[in-house]
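See structure below.
In what follows, residues are counted from 1 in the order of the sequence shown.
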Amino acid sequence: MMFALIALIVGAALPPVAVGGQPATSPTWFDAMDGVSPLLTEDSPDESRFTYIYTGGQYKIQAHATDFSGDLFSYISVGTLTDSATSVSVFIEDDRIGKYAFVGCRAGDQDDGYALEVHTASGTVRLWALIPGNAQLLAEGNASAAISPGGGFNTIDIECYQQLITGKVNGQVVVSEFDATFAAGFSYIGGGVQPQAPSDLFMVFDDLAVSDLSRAATDQLAASTAIPTLQPQATVAAQSVPQLVTGSSFDQIKAAALTQSPVAGPVSQTLVQSSTDFPWIPAGVDLYDLFVSATFVNPMNTSMPWDIGLAIRYGSADTEARIIIESSGTWSLSIGSGTLVAHGQLSGLATGPGALNTIEVAAQGSSGSFAVNGQVIADLDLSESTQTGDVFASTGFFVANAVDGRELVVQDYAVWALPVAASVSSGQAAVTGNDPAATFDQLRSAALATSPLAGPLQGAMEQQAETLSYWSANVNVADVYVAATFQTPSDGSLGWDVGLGIRQGTDSSGVRLILEADGDWFLAFGLDPVSDAGSAGSLNVQPGASNTIELVAHGAMGYLAINGVFAGTLDLSPVLQSGDVLAGTGFFPNSTVTGRSIGFSGFQVWELPATT
């Protein structure tokens with residue numbers, strides 16, 4: 001982008017006050033570009049060179065010179081915001097090569113703040129911190145699978161929530177990073193031309209929306225108490241806080257809780273979203289250590305994003321731990337509407353209208369875990385949620401994900417108390433029984449009870465002839481649990497492969513686990529011929545699909561899962577030493593197309609705890 005090599009940046013001056021859209025008392029402003037509620041300026045810094053205009057129900061910006069390069073900004077008149085989401089639909093006319101659109105937040109008076117840059121021709125996306133004179137690239141990826149084919153309109157979106165900055169294209173998260181450089185400022189839109197391909201610029205914008213996310217949380221809870229609570233089957237007194245146990249696994253906490261009947265539920269109930277209220281279903285309990293499960297039925301209207309989630313240890317607003325799932329495939333853990341503790345990507349979320357998603361949360365002391373549709377997603381740091389409290393299920397945690405009147409049904413919502421005396425292991429990797437799938441689950445759970453050594457990482461790998469393209473985790477470990485999600489290329493008919501490498505040395509040694517487009521997996525050591533192979537029946541080979549590989553290495557044994565389905569065991573005895581971990585493509589020459597980009601996300605590495 002031009003931000004790092006600025007030749008020219010032009011645009012209207014920063015707006016002083018909110019002048020259009022909805023009243024300032026509303027958390028969201030809209031500009032349909034029809035002239036009714038304009039949020040953008042038509043003042044050009046140089047009318048002979050640049051045009052900013054509302055016309056034909058759209059907003060257009062234009063650089064007339066055929067040798068233009070630089071950026072054109074247009075600031076949004078809604079005042080300064082801290083936590084916000086800004087989205088706009090954009091179309092780049094004529095030749096799109098070398099041209100890009102952007103949307104930004106938290107800008108001051110020096111064209112700074114954060115910006116999501118989207119190249120609709122190549123699919124390249126970049127997330128920037130526009131520090132004056134020293135712009136910093138926070139994250140980069142490829143969003144070709146999310147971009148509308150043929151150069152039509154694309155909706156680009158930047159969410160700035162506390163220190164988490166997230167970029168989306170057509171509702172799909174494409175880049176995300178933590179950064180604390182800018183705390184508040186104006187939102188803006190715009191576009192530009194790279195200096196390598198100077199040209200005139202003509203961009204068309206429509207359907208602009210800005211949401212104030214800082215006003216999107218439990219300050220509305222007091223008005224929601226009329227919603228009926230679950231009827232507890234037994235009176236549960238406030239528990240004293242037990243001795244904190246570290247490394248508690250999801251399976252162990254769940255098993256301990258399910259030795260008894262639920263203390264609330266199961267029930268089913270409908271949640272109705274509102275941009276001015278916070279729908280919730282309290283359980284009517286007072287618990288610290290617990291297990292909770294709820295199945296959410298997706299709304300029939302999924303054209304707008306949605307979120308679902310569970311909160312535990314709710315005593316008063318902004319003290320509870322919230323586990324939130326968004327339709328884009330992201331999850332987050334926050335304390336009330338304030339502190340963001342963790343976030344990440346998840347696979348296996350059902351996003352279609354009326355589809356079902358089950359969320360399970362296990363909590364004991366300062367730690368916990370959660371699962372979505374039976375797959376354990378992450379360990380939870382609950383050290384900032386320190387009191388007993390209620391549990392609630394909800395939707396519309398973020399204003400941008402709430403549509404007035406939209407309904408989501410919650411089914412089989414129930415809460416179990418975890419016995420205070422429940423015995424939970426220290427988190428060391430203990431292998432029991434002879435079932436390989438169960439062993440895989442045990443080892444994975446033990447790993448997820450610890451913090452990852454690396455990740456989550458995301459990006460894109462460009463294939464090169466006779467060269468392995470890969471992304472290194474920069475670790476040195478032997479016994480690991482590794483997970484990564486790979487994007488299937490749009491030209492999948494040409495053949496492709498993706499895979500993981502573990503125990504990698506500097507001399508091309510190591511273990512390579514490879515998935516190929518024909519639906520098979522292969523195991524190889526270094527550059528030696530394939531030593532083992534099998535069928536990857538759960539592999540999704542459709543163009544643009546995603547596939548998640550999970551690999552556990554435990555001494556001489558390996559365990560493989562594809563898209564959440566256990567796929568088999570691996571003999572790793574030829575390579576036992578510690579080494580790096582990588583995600584790669586182009587393992588086989590006949591699966592490589594020079595210049596083709598393979599996207600990946602959720603690349604994480606955990607070390608297995610010492611065995612007992």
Side-chain angles (χ1 to χ4, degrees), residues 217-218 220-222 224-242 248 250 253-254 256-271 278-296 307-325 331-337 341 357-372 377-378 380-397 408-420 422:
T218 51
Q220 301 294 333
L221 281 175
S224 305
T225 54
I227 297 176
T229 64
L230 282 71
Q231 296 301 313
Q233 297 180 358
T235 301
V236 182
Q239 295 177 334
S240 60
V241 177
S248 306
F250 172 85
I253 297 176
K254 177 178 179 179
L258 295 183
T259 58
Q260 56 192 20
S261 299
V263 296
V267 299
S268 297
Q269 190 170 309
T270 300
L271 292 166
F278 188 79
W280 63 318
I281 310 175
V285 298
D286 187 17
L287 295 172
Y288 190 75
D289 291 347
L290 58 91
F291 174 76
V292 54
S293 176
T295 297
F296 293 81
D307 62 46
I308 54 178
L310 296 169
I312 62 174
R313 301 175 181 174
Y314 171 69
S316 58
D318 285 344
T319 62
E320 72 279 3
R322 301 176 173 193
I323 300 89
I324 306 169
I325 310 298
W331 66 268
S332 61
L333 168 66
S334 65
I335 304 302
S337 61
V341 178
N357 290 288
T358 299
I359 305 177
E360 299 172 295
V361 178
Q364 184 181 48
S366 63
S367 64
S369 304
F370 80 102
V372 176
I377 303 300
L380 301 174
D381 177 5
L382 303 177
S383 58
E384 296 188 51
S385 182
T386 59
Q387 63 184 41
T388 64
D390 204 356
V391 175
F392 66 80
S394 189
T395 181
F397 288 91
L408 289 87
V409 176
V410 182
Q411 300 177 341
D412 299 324
Y413 171 36
V415 181
W416 289 260
L418 182 65
V420 175

After noting the C-alpha distance and the side-chain angles of Asp412 and Ser293, does the key distance pass the side-chain contact (heavy atoms from CB on, under 4.5 Å) rule?
CA-CA 7 Å; Asp412 299 324; Ser293 176; over 6 Å; no

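- In this structure, Val409 and Thr270 have side chains that are in contact, with non-hydrogen atoms separated by less than 4.5 Å.
- The minimum heavy-atom distance linking Ala294 with Tyr413 is given by the pair CB-CD1, 3.9 Å.
- Between Ser394 atom OG and Phe296 atom CZ the span is 8.0 Å, to the nearest 0.5 Å.
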Could you go step by step and tell me if Ile323 and Leu333 meet the side-chain contact (heavy atoms from CB on, under 4.5 Å) rule?
CA-CA 5 Å; Ile323 300 89; Leu333 168 66; 4.1 Å; yes

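- Between the side chain of Asp307 and the main chain of Ile325, no donor-acceptor pair closer than 3.5 Å is present.
- By the 4.0 Å N-to-carboxylate-O rule, Asp286 lies too far from Arg313 to be salt-bridged with it.
- Minimum heavy-atom separation, Ala264 to Ala283: CB-O, 3.7 Å.
- Across Asp390 and Gly284, no two heavy atoms sit closer than the pair OD1-N, 2.9 Å.
- Distance OG1/Thr395 to CH2/Trp280: 15.0 Å, rounded to 0.5 Å.
- By the 4.5 Å heavy-atom criterion applied to side chains, Tyr288 and Leu382 are not counted as neighbours.
- A donor-acceptor pair is defined here as one N or O able to donate and one able to accept, closer than 3.5 Å; no such pair exists between the side chain of Tyr314 and the backbone of Pro282.
- Between Phe392 and Phe397, the ring planes are parallel. Angles under 30° get that label, and only those over 60° would be called perpendicular.
- Residues Val285 and Leu290 fail the side-chain proximity criterion, which asks for heavy atoms closer than 4.5 Å.
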